Amino acid sequence: LADLDNARKRSLREREEVVRYGLERHLKDLLPVIDNLDRALDLGDRTGKWESLAEGVRMTRKLLEDTLAKQGLKAFTARGLPFDPHVHEAMGHEERQDVAPNMVSTEVLRGFTLHDRLVRPALVMVARAPAPAPSPEPGAGPDVAEDEPTSPETEAPGGTT
């Protein structure tokens, strides 16, 4: 019984360690990203060449994305695809003539999957056809109200106007 109790306690302790320190290897992979961001900021401060900072941030972003891809996290784009509520979250509609209705017209944030599971849907704007402009009725001028009858033929039933 004592051995069984000790094995149970050891197993519980090992499980707690896995939960607490299980991400260590993955987090070590992310440390170069932090280092590169620090280098980019330092270069921008020292030289004042912010174009170099922008390039450094682009390179660091690529490094981060590649590092996360090794762990199974993949970004996907929704731009130009039909709206799919399973992988897209609509932020709203845009009236667009250059994009077919129910197509993603603008991608606000990219979506991500971990292996084949959706982690975050892509936040998108969905295109819809522009509403046709209301055409003015012939003969209706700016001084004629729409609700007022203009002649005895258009009186309301019962003879009241």
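Because only heavy atoms are used, hydrogens play no part in the values below, and waters and symmetry mates are left out as well, while side chains stay in. Bear in mind that the values here come from a model prediction, so they are computed numbers and not experimental data.
- In this structure, Val126 and Asn102 approach most closely via the heavy-atom pair CG1-CA, 3.7 Å.
- In terms of heavy-atom proximity, Ala129 sits nearest to Glu95 at O-CG, 4.2 Å.
- The hydrophobic cluster containing Met59, built from Ile/Leu/Val/Met/Phe/Trp/Tyr side-chain heavy atoms closer than 4.5 Å, comprises no other residue.
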Original post:
Should Arg58 and Glu55 be marked as a salt bridge (charged side-chain N to carboxylate O under 4.0 Å, His left out) after you check the CA-CA gap, both sets of side-chain angles, and the distance that decides it?
Top reply: CA-CA 5 Å; Arg58 277 189 214 92; Glu55 182 61 27; 3.1 Å; yes
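- Remark: Leu68 CG to Leu73 CG distance equals 5.0 Å, nearest 0.5 Å.
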Report all side-chain donor-acceptor pairs from residues 111-123 shorter than 3.5 Å, counting only partners two or more places apart or in another chain.
{"from": "Arg120", "atom 1": "NE", "to": "Arg110", "atom 2": "O", "distance (Å)": "3.3"}
{"from": "Arg120", "atom 1": "NH2", "to": "Arg110", "atom 2": "O", "distance (Å)": "2.7"}

**OP:** Take Arg13 and Glu17 through the test salt bridge (charged side-chain N to carboxylate O under 4.0 Å, His left out) and record every step on the way to the result.
**Re:** CA-CA 6 Å; Arg13 211 173 31 252; Glu17 279 190 31; 5.7 Å; no
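- Residue Arg10 holds its CZ atom at 9.0 Å from CG of Asp3, rounded to the nearest 0.5 Å.
- Annotation: ring pair (Phe, Tyr, Trp, His ring centres under 6.0 Å) contacts involving residues 86-107, sequence neighbours excluded, comprise Phe83-His88.
- Taken from NZ in Lys70 to CG in Asp29, the straight-line distance is 5.0 Å, to the nearest 0.5 Å.
- Between Leu63 and Asn36, the closest side-chain pair of non-hydrogen atoms falls below 4.5 Å.
- Atom CZ of Arg79 is separated from atom CD of Glu107 by 4.5 Å, given to the nearest 0.5 angstrom.
- Taking every heavy atom of both residues into account, Val33 and Thr60 meet most closely at O-CG2, 3.4 Å.
- Using a 4.5 Å heavy-atom cutoff, the side chains of Thr106 and Glu94 are in contact.
- Taking CG from Asp84 and CD from Glu89, the interatomic distance works out to 13.0 Å, rounded to the nearest 0.5 Å.
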